Visitor: 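Pasting in a structure now, in C-alpha cells, and then I'll have a few things to ask.
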Amino acid sequence: MKSVLYLVSVLIMGAAAAQLHAQPPGYYNPGGSYNRGMDAPSSFQVQRGVRFRQDQDDSGYHLRIYLQGYSPEAIQVSADGRSLLVENKEAHRVENRSERGYSFVSSSSSMRRRFRLPWDADVNGMQRTENEGEIVITLPYRAYP
C-alpha cells in the first residue's frame, strides 16, 4: 500500500512540476522560433551580445570587446578616473509593409560596464582599434623617469 501511495505522490509532483514550467499562450521566448505567420523576419530574433576579455603583453593592457549583433560605432568607451566605462544605448524601429497592412516594432537596449584600471596603465595613451566584430582598447604602461 505504501508503494502505491508513493508512486501516486511522485506522479502528482511530476505533473505539478511540469505545470510550473509550462508557458502560457502567447508567451514570448527571446531567441526562440515564435512566429505568428508574418512574412518579414522579426528584429527580436537577432541574437545580440557583448563579451569582454582582458589581457596584457609587452605593449600594455588590452580590453577586447567581442560584438555580436552590434556595430562598433554603437559602443562608447571612455576613461572615468581610474576605470574604463563601456556603454551602449540603442533604439530600433522596424517597419513592415505588405498588402495585408502596416506594422512597426520598436525596441531599445542599453549596456554599461566598468573596468578598474591597473595602477601602471596610461589612460592618456589609450587607443581604440576596430576590427570586424571586435573592438580592442589598448592602454600602454606608464613611463617612469
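Because the structure is a prediction, the values reported are computed rather than measured. What's counted below: heavy atoms across the whole structure, side chains too, no hydrogens, waters or symmetry copies. Positions are given from 1 along the sequence.
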Visitor: Is the closest side-chain heavy-atom distance between His62 and Asp57 below 4.5 Å?
Guide: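 A side-chain contact exists here, since the closest heavy-atom pair is under 4.5 Å.
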Visitor: Measuring from Asn88:CG to Ile75:CD1, what's the distance to the nearest 0.5 Å?
Guide: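 CD1 of Ile75 is found 4.0 Å from CG of Asn88.
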Visitor: Following the transitive rule for hydrophobic clusters with a side-chain heavy-atom cut-off under 4.5 Å over Ile, Leu, Val, Met, Phe, Trp and Tyr, establish whether Phe52 and Ile137 coincide in one cluster.
Guide: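 Yes, Phe52 connects to Ile137 through the hydrophobic network.
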Visitor: Identify all side-chain donor-acceptor contacts of residues 117-126 below 3.5 Å with residues at least two apart in sequence or on another chain.
Guide:
residue, atom, partner, partner atom, Å
Asp120, OD1, Tyr61, OH, 2.6
Asp120, OD2, Tyr61, OH, 3.3
Asp122, OD1, Asn124, N, 3.3

Visitor: Does Leu84 reach the side chain of Ser78, with side-chain heavy atoms less than 4.5 Å apart?
Guide: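 When only atoms from C-beta onward are counted, Ser78 and Leu84 do not touch, as no gap falls below 4.5 Å.
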Visitor: Could you check Val77 against Ile65 for side chain to side chain contact (heavy atoms under 4.5 Å, CB included), going step by step and ending with a plain yes or no?
Guide: CA-CA 10 Å; Val77 180; Ile65 306 169; 4.0 Å; yes
Visitor: Under a 4.5 Å cut-off applied to non-hydrogen side-chain atoms, are Leu63 and Ile135 in contact?
Guide: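 In short, these two side chains do not touch, never coming nearer than 4.5 Å.
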Visitor: Once salt bridge (charged side-chain N to carboxylate O under 4.0 Å, His left out) is applied, do any residues pair with Arg82, and if so which ones, sequence neighbours excluded?
Guide: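 None.
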Visitor: Hey, what do you get for CZ (Arg64) to CZ (Arg51), rounding to the nearest 0.5 Å?
Guide: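 Here the interatomic distance stands at 12.0 Å.
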Visitor: Nearest 0.5 Å, what's the CG-CZ distance between Leu139 and Phe115?
Guide: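 These two atoms lie 11.5 Å from each other.
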Visitor: Can you tell me how far the CE atom of Met111 sits from the CD atom of Gln76, to the nearest 0.5 Å?
Guide: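 It is 8.5 Å, given to the nearest 0.5 Å.
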Visitor: Would you check if there is a donor-acceptor pair between the side chains of Ser83 and Arg114 at a distance under 3.5 Å?
Guide: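 Judged by distance alone, the side chains do pair up.
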Visitor: Counting only heavy atoms from other residues, nucleotides and ligands, does the tally under 6.0 Å from CD of Gln127 exceed 12?
Guide: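 No, not enclosed.
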